[in-house]
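Notes for the one structure printed next.
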Number of protein chains: 2
Amino acid sequence: MTGNIFHTLRDDIENGIVTGEFEPGERLDETQLAKRFGVSRTPIREALMQLSATGLVEIRPRRGAVVVDPAPQRVFEMFEVMAELEGMAGALAARRHTEEDRSALMAAHDKCKEAVASEDTDRYYYENEIFHRAIYAASHSGFLEDQCSALHRRLRPYRRLQLRVRNRMKVSFKEHGEIVEAILAGDADGARERLRGHVAVQGDRFGDLIANLSNRERRLG
Amino acid sequence: MTGNIFHTLRDDIENGIVTGEFEPGERLDETQLAKRFGVSRTPIREALMQLSATGLVEIRPRRGAVVVDPAPQRVFEMFEVMAELEGMAGALAARRHTEEDRSALMAAHDKCKEAVASEDTDRYYYENEIFHRAIYAASHSGFLEDQCSALHRRLRPYRRLQLRVRNRMKVSFKEHGEIVEAILAGDADGARERLRGHVAVQGDRFGDLIANLSNRERRLG
DNA sequence: GTCAATGTTTTTGTATACAAGAAGCGATGT
DNA sequence: ACATCGCTTCTTGTATACAAAAACATTGAC
């Protein structure tokens, strides 16, 4: 299992960023990370290079790597694109889903239901990911699935913030229900529109997002 | 201007891949590349790491980097996603374009016209890129612009193949005209649909793509 | 007390060294 | 002739070394 240290490191650091252990704007000291993970700077650098290519960290010449801190405007744009891609995945899923996709989707939906019943937002957060991944898989477009997964992952921290908003979990689950219905009915346009609406940050949710972002800003500053 | 060798290297290698100098499936020997670019293996590896994160090369443990050779199915999926994203960019551009966007778009369109008039497919290929970039910019969504640019770049080699198909340049230009019209008229849905159709590889174009891909396959094998 | 200049320290960027796995190759045995 | 085993060589993965730039601190002038 050797020859993959940088791979593990990349996942670890990415995870640290996504979970908020490394906060946006924080500088990532190579030597420090090397000590922490018990390796030399070389694989650390290689991991950081990969993360910089995916947009999670920024490498400024001679000044090291920092966790990118996207402006609220850009976070909004990311959700906007995510909404479009998920809508596309939903439309394809409606047309192409197999029996297995159907089972997986319904199973994921049920798990979400349990989370809602027990009012466990953490669990809902977790099951929600599986639900969305089931849709990506049902699209039967490997590339789209990859793109969706990557963006979904990048938006993790913000989605987590959103779930904190009162009643968001219940509303989200209700939307899931309509999405499942459209997909299983083979209603491509319906699935697209419902997923778009589910993911996009519009109306009140836009305000909520901005508020959460500036809260964090204040907490950091 | 020091501290950016790996950055330059990344662009150079990426360019080599996109232009076909490094062919799909080809192994990228670190030592060889290092000698060729007159640097040590370290920055070469860092460049390759970045390229692997963007999906252009694959790094197999202990076996080095190879230029990825996506299956025809996957290339098709990439065009499918590209069509969706460009459609989105077009829709946003229709709603948000400014006076400068309008000028840039029309200027790019005119340049394409010149290329068509002189029957210069290489030039059309070049001006076409600028035209599409003008649309991304007019969407006024920085993130969408980045995503579109990245995917557009990745699809370069295949787009080049497509232009070789008889009459494709003229048809493409005609479609451009309708796209410009829709965007400048503020017709978001029209712009979206026209761009989707322009980019997607459907009908005859699908067959052309597959044929070109397998030609290349044969040439390599 | 503030600011600038200069020297010191820290940190990045690149090269090199070294260890270990993979690939190639030849000898040997059947 | 062909497969297999072991050896050699090549290549990758990681650590370390070193040079140069940036951050930092100290000192001195005003």
Side-chain angles (χ1 to χ4, degrees), chain A residues 1-18 21-70 220-221, chain B residues 1-18 21-70 220-221:
Chain A
M1 197 51 164
T2 176
N4 267 40
I5 288 187
F6 66 85
H7 187 273
T8 312
L9 286 173
R10 175 169 65 76
D11 289 351
D12 284 354
I13 298 175
E14 178 174 332
N15 226 43
I17 293 172
V18 161
E21 186 188 352
F22 302 118
E23 305 198 12
E26 183 176 342
R27 196 155 141 275
L28 297 170
D29 186 290
E30 295 175 4
T31 315
Q32 216 168 296
L33 288 171
K35 229 188 303 186
R36 162 169 174 173
F37 289 106
V39 297
S40 83
R41 277 175 52 222
T42 308
I44 296 282
R45 278 183 68 87
E46 293 178 348
L48 290 176
M49 288 295 168
Q50 298 208 64
L51 292 177
S52 91
T54 60
L56 232 77
V57 311
E58 192 190 335
I59 296 182
R60 300 162 308 173
R62 284 273 171 206
R63 310 203 43 210
V66 296
V67 181
V68 297
D69 187 11
L220 291 177
Chain B
M1 197 52 163
T2 176
N4 267 44
I5 286 186
F6 65 86
H7 188 274
T8 312
L9 285 173
R10 175 169 64 77
D11 290 351
D12 283 355
I13 297 175
E14 177 174 334
N15 226 43
I17 293 172
V18 161
E21 186 188 352
F22 302 119
E23 305 198 12
E26 182 175 343
R27 193 152 144 276
L28 298 169
D29 185 290
E30 295 175 3
T31 314
Q32 214 168 299
L33 287 171
K35 228 188 300 187
R36 162 170 173 172
F37 289 106
V39 298
S40 83
R41 276 175 52 219
T42 308
I44 295 283
R45 277 185 68 86
E46 293 178 349
L48 290 176
M49 289 295 169
Q50 298 207 63
L51 292 177
S52 92
T54 60
L56 233 75
V57 311
E58 192 189 337
I59 295 183
R60 299 162 308 172
R62 285 274 172 205
R63 313 204 38 212
V66 296
V67 180
V68 297
D69 187 12
L220 290 176

* Structure fact -> Testing D:dT14, D:dT12, C:dA15 for proximity to the side chain of B:E30, the answer is D:dT12

* Could you pull out the closest heavy-atom pair between A:A53 and B:T54, with the gap in Å? => CB-CG2, 4.0 Å

* Structure fact -> Closest heavy-atom pair, A:F6 versus A:P43, reported as atoms and distance to 0.1 Å, is CB-O, 3.9 Å

* To do: Return the value, rounded to whole Å, for the distance between atom CG of A:L33 and atom P of D:dA15.
  => 14 Å

* **Any A:S40 side-chain nitrogen or oxygen under 4.0 Å from OP1 or OP2 of D:dA15** => yes

* Structure fact -> The answer to which of A:R41 and B:R60 contacts DNA chain D further toward the 5' end, by nearest nucleotide, is B:R60

* Asked: Which of these nucleotides, C:dG13, C:dT16, D:dT12, is closest to any side-chain atom of B:T42?
  -> C:dT16

* Asked: Looking at A:R45, does any N or O in its side chain come under 4.0 Å of the phosphate oxygens OP1/OP2 on C:dT11?
  -> no

* Asked: Under 4.5 Å between any side-chain heavy atoms of B:K35 and B:Q32, yes or no?
  -> no

* Take atom CD1 of B:I44 and atom C1' of C:dT14, then tell me their distance rounded to the nearest Å. => 12 Å

* Could you state the atom-to-atom distance from CD1 of A:I5 to P of C:dA20 in whole Å? => 13 Å

* To do: Report the distance from atom CG of B:L9 to atom CZ of B:R45, rounding to the nearest 0.5 Å.
  => 14.0 Å

* Give the rounded distance in Å between these two atoms: CG of B:D29 and P of C:dA23. => 14 Å

* Quick one: label B:R63 by what it contacts on the DNA or RNA (base, sugar-phosphate, nothing), any heavy atom closer than 4.0 Å. => sugar-phosphate

* Asked: Can you check the B:K35 NZ to D:dT11 C1' distance for me, whole Å?
  -> 13 Å

* Structure fact -> Separation of D:dC24 atom P from A:R27 atom CZ, nearest Å, is 8 Å

* Asked: Any idea which heavy atoms bring A:A65 and A:I59 closest together, and the distance?
  -> CB-CG1, 4.1 Å

* Asked: Over how many whole Å does the gap from B:L28 atom CG to D:dG13 atom P extend?
  -> 13 Å

* **Spacing of A:I59 atom CD1 relative to C:dT11 atom C1', expressed in whole Å** => 14 Å

